[in-house]
Protein chains: 2
Amino acid sequence: MRKSTKTTKKDFNKDNILNQGVAMLMKQGYHGTGLQKVLDAVNIPKGSFYNYFEDKEHFGAEVIQYYIDPFLKQLAAHLNNSDTDALGAIQRYFDELIEELERNNFKGGCLLGNLMGEIGDTSDICQASLQTAVNRYRDLLQSGLKKAQDQGAVRKDKTAGSMADLLINTWQGALLRAKIEKTSAPVLQCCQELLGNYFKS
Amino acid sequence: MRKSTKTTKKDFNKDNILNQGVAMLMKQGYHGTGLQKVLDAVNIPKGSFYNYFEDKEHFGAEVIQYYIDPFLKQLAAHLNNSDTDALGAIQRYFDELIEELERNNFKGGCLLGNLMGEIGDTSDICQASLQTAVNRYRDLLQSGLKKAQDQGAVRKDKTAGSMADLLINTWQGALLRAKIEKTSAPVLQCCQELLGNYFKS
DNA sequence: CAATTTAAGACAACCGGTCGTATTATAATT
DNA sequence: AATTATAATACGACCGGTTGTCTTAAATTG
């Protein structure tokens, strides 16, 4: 077995752990998720965990990045696919998120929001990871709103950055409400009020 | 010792547990907080816990109500003390929250938000408690905004209820951001954009 | 003294993390 | 090219400690 092949297998295992980690941290939170359960689910022995990760905290930090990546790709795809209408692209992106939220019966929500609340101020390592994850998300959203501004769809008396922040924050809060009230009304309101009203020029 | 006295003492103990519960659930979350630690901190034997609460879940549900009560009183006080300017009262209330947040170096945030994220979809009992807590908060905020509408300070083309929801949600999201970025910028922005701009007539 | 409340301790399950060792792959040396 | 030395990875048993909950007995009550 050559080096490339082996590296691939190790990455495959690590991906499996991260994948399962996303799912379980999402459902049960950080302290509610035991490493044993994660590893059992992907048939990897307990002792092997520390070959892949330094400890649980670093594992959590990596899960955060692994989680947010697809969302960035999804939003970027929308922004690229319809670059004649950036505001519409953003709206369609959030519509997709809402659809998935409904499909999951409002369970889980956003891992970033959940972990910010649970360990955002107790684990330095995860806090740093959360910062970069949120910043990457914010920057992409900002660039989309900037484009929408240039296209004349979004007001220019506010910076794209501040609107991106406001949108992210309201979205996070709305997700929490949606979760405990088991209705998509809060997230719908978030998009309608901000994207459909306040941000428009 | 008469029955009334005894009941008082029991209530005193329970209050101590709840008080400590608020502090520890705030800092370490639900699954990160062991009952042992809570009881040790208030010098009540572990075996006595189930004299006060049915189980940990019900304990959490009671902590939630115990936590939100002072906030409702504080907001209500502001609304009553300056009933000539309801919008100003709301603003001053949130200013106080921001001051306390800074005093705590952005640690903790809001217990409701943290627990919504962590166990809002896994514990039915806590979910129900979170619902009523948030609803009570929302209703009070709604009545304040309604008053501000009647006073002509707040726009009337949106319902007070929808604005209360939007404010609460954005506030929650902003608190999460403030927590991981260790700055009050997000919560300041929340108040400025909504109370100082979007809601104004 | 009977009834009820309080508390001590036991309980199994689980936690994150470490250990020595066995297996394998890479590098170095002939 | 064959063999040896070195390192990396895989693995399961095990560590001390803690979890939430329950049983049972002591203390306190009316």
Side-chain angles (χ1 to χ4, degrees), chain A residues 1-18 20-21 24-25 27-64 115 118-119 122-126 129, chain B residues 1-18 20-21 23-25 27-64 115 118-119 122-127 129:
Chain A
M1 213 179 240
R2 314 209 52 69
K3 177 188 176 182
S4 61
T5 318
K6 190 192 173 193
T7 309
T8 298
K9 185 191 173 183
K10 178 177 180 178
D11 289 352
F12 172 74
N13 280 344
K14 186 166 180 175
D15 262 30
N16 269 344
I17 301 178
L18 287 172
Q20 191 64 27
M24 297 186 75
L25 287 188
K27 285 186 186 168
Q28 310 169 305
Y30 181 82
H31 288 112
T33 300
L35 296 179
Q36 185 87 257
K37 297 285 175 62
V38 177
L39 295 162
D40 284 354
V42 292
N43 262 45
I44 290 177
K46 178 72 179 296
S48 299
F49 174 81
Y50 292 88
N51 296 326
Y52 297 100
F53 304 97
E54 199 174 326
D55 54 22
K56 194 190 185 186
E57 247 181 301
H58 287 81
F59 164 67
E62 286 204 45
V63 166
I64 288 164
L115 291 187
E118 187 184 356
I119 53 168
T122 51
S123 162
D124 289 344
I125 290 148
C126 289
S129 183
Chain B
M1 214 179 238
R2 313 209 51 68
K3 179 186 178 183
S4 60
T5 318
K6 189 192 172 193
T7 309
T8 298
K9 185 191 171 183
K10 178 173 182 177
D11 288 352
F12 172 76
N13 279 344
K14 185 166 180 175
D15 263 29
N16 270 343
I17 302 178
L18 287 174
Q20 192 64 27
M24 298 187 73
L25 286 187
K27 285 186 186 168
Q28 310 169 303
Y30 182 83
H31 288 111
T33 301
L35 297 179
Q36 181 90 261
K37 299 285 176 61
V38 177
L39 295 162
D40 285 354
V42 291
N43 263 42
I44 290 176
K46 188 177 184 178
S48 301
F49 175 80
Y50 293 89
N51 299 326
Y52 299 98
F53 304 97
E54 199 173 329
D55 54 23
K56 194 189 184 184
E57 245 181 304
H58 287 82
F59 164 66
E62 286 204 46
V63 166
I64 288 164
L115 292 187
E118 188 184 355
I119 53 169
T122 51
S123 161
D124 290 344
I125 289 148
C126 290
Q127 179 180 84
S129 182

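In what follows, every chain begins at residue 1, and chains take the letters A, B, ... in the order their sequences are listed. The model shown is predicted, which means the values in this text are computed figures rather than measured ones.
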Whole-Å gap separating [atom2] ([N]) and [atom1] ([X]):
X	N	atom1	atom2	value
H58(B)	dG20(D)	NE2	P	16 Å
Q36(B)	dG17(D)	CD	P	14 Å
Y50(A)	dC11(D)	OH	P	16 Å
K56(B)	dT18(D)	NZ	P	15 Å
I17(A)	dT9(D)	CD1	C1'	13 Å
F53(B)	dT6(C)	CZ	P	13 Å
H31(B)	dC14(C)	NE2	C1'	13 Å
N13(B)	dA7(C)	CG	P	7 Å

Please list every stem that involves DNA chain C, where a stem is a run of 3 or more consecutive Watson-Crick or G-U wobble pairs with both pairing distances under 3.5 Å.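 Detected stem regions: C:3-26 with D:5-28, C:28-30 with D:1-3.
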For I125(B) against A61(B), the heavy-atom pair lying closest together: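 Here I125(B) and A61(B) meet closest at CG2-CB, 3.7 Å.
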Report, one line per pair, each donor and acceptor closer than 3.5 Å where one atom sits in a side chain of residues 28-44 of chain B; sequence neighbours left out.
unit_1 : atom_1 : unit_2  : atom_2 : d
Y30(B) : OH     : E57(B)  : N      : 3.3
H31(B) : ND1    : E118(B) : OE2    : 3.3
T33(B) : OG1    : M24(B)  : O      : 3.1
T33(B) : OG1    : G29(B)  : O      : 2.7

Checking contacts here: which listed nucleotide (dA7(C), dT21(D), dG16(C)) is nearest the side-chain heavy atoms of N51(B)? dA7(C)
To the nearest 0.5 Å, what is the distance between [atom1] ([X]) and [atom2] ([Y])?
X	Y	atom1	atom2	value
D124(B)	S129(B)	CG	OG	12.5 Å
L18(A)	F53(A)	CG	CZ	4.0 Å
C126(B)	L115(B)	SG	CG	7.0 Å

Answer yes or no: does a side-chain N or O of Y52(A) lie under 4.0 Å from OP1 or OP2 of dT9(D)? no
Please list, chain by chain and in numerical order, all residues satisfying side chain to side chain donor-acceptor pair (under 3.5 Å) with D55(A), sequence neighbours excluded. H58(A)
Can you name the residues that form a side chain to side chain donor-acceptor pair (under 3.5 Å) with E62(A), not counting sequence neighbours? K14(A)
Within the structure provided, determine whether F49(A) and F59(A) are in side-chain contact (heavy-atom separation under 4.5 Å). yes
Under a 4.0 Å heavy-atom cutoff, the residues of residues 37-49 of chain A touching DNA chain D are P45(A), G47(A), S48(A)
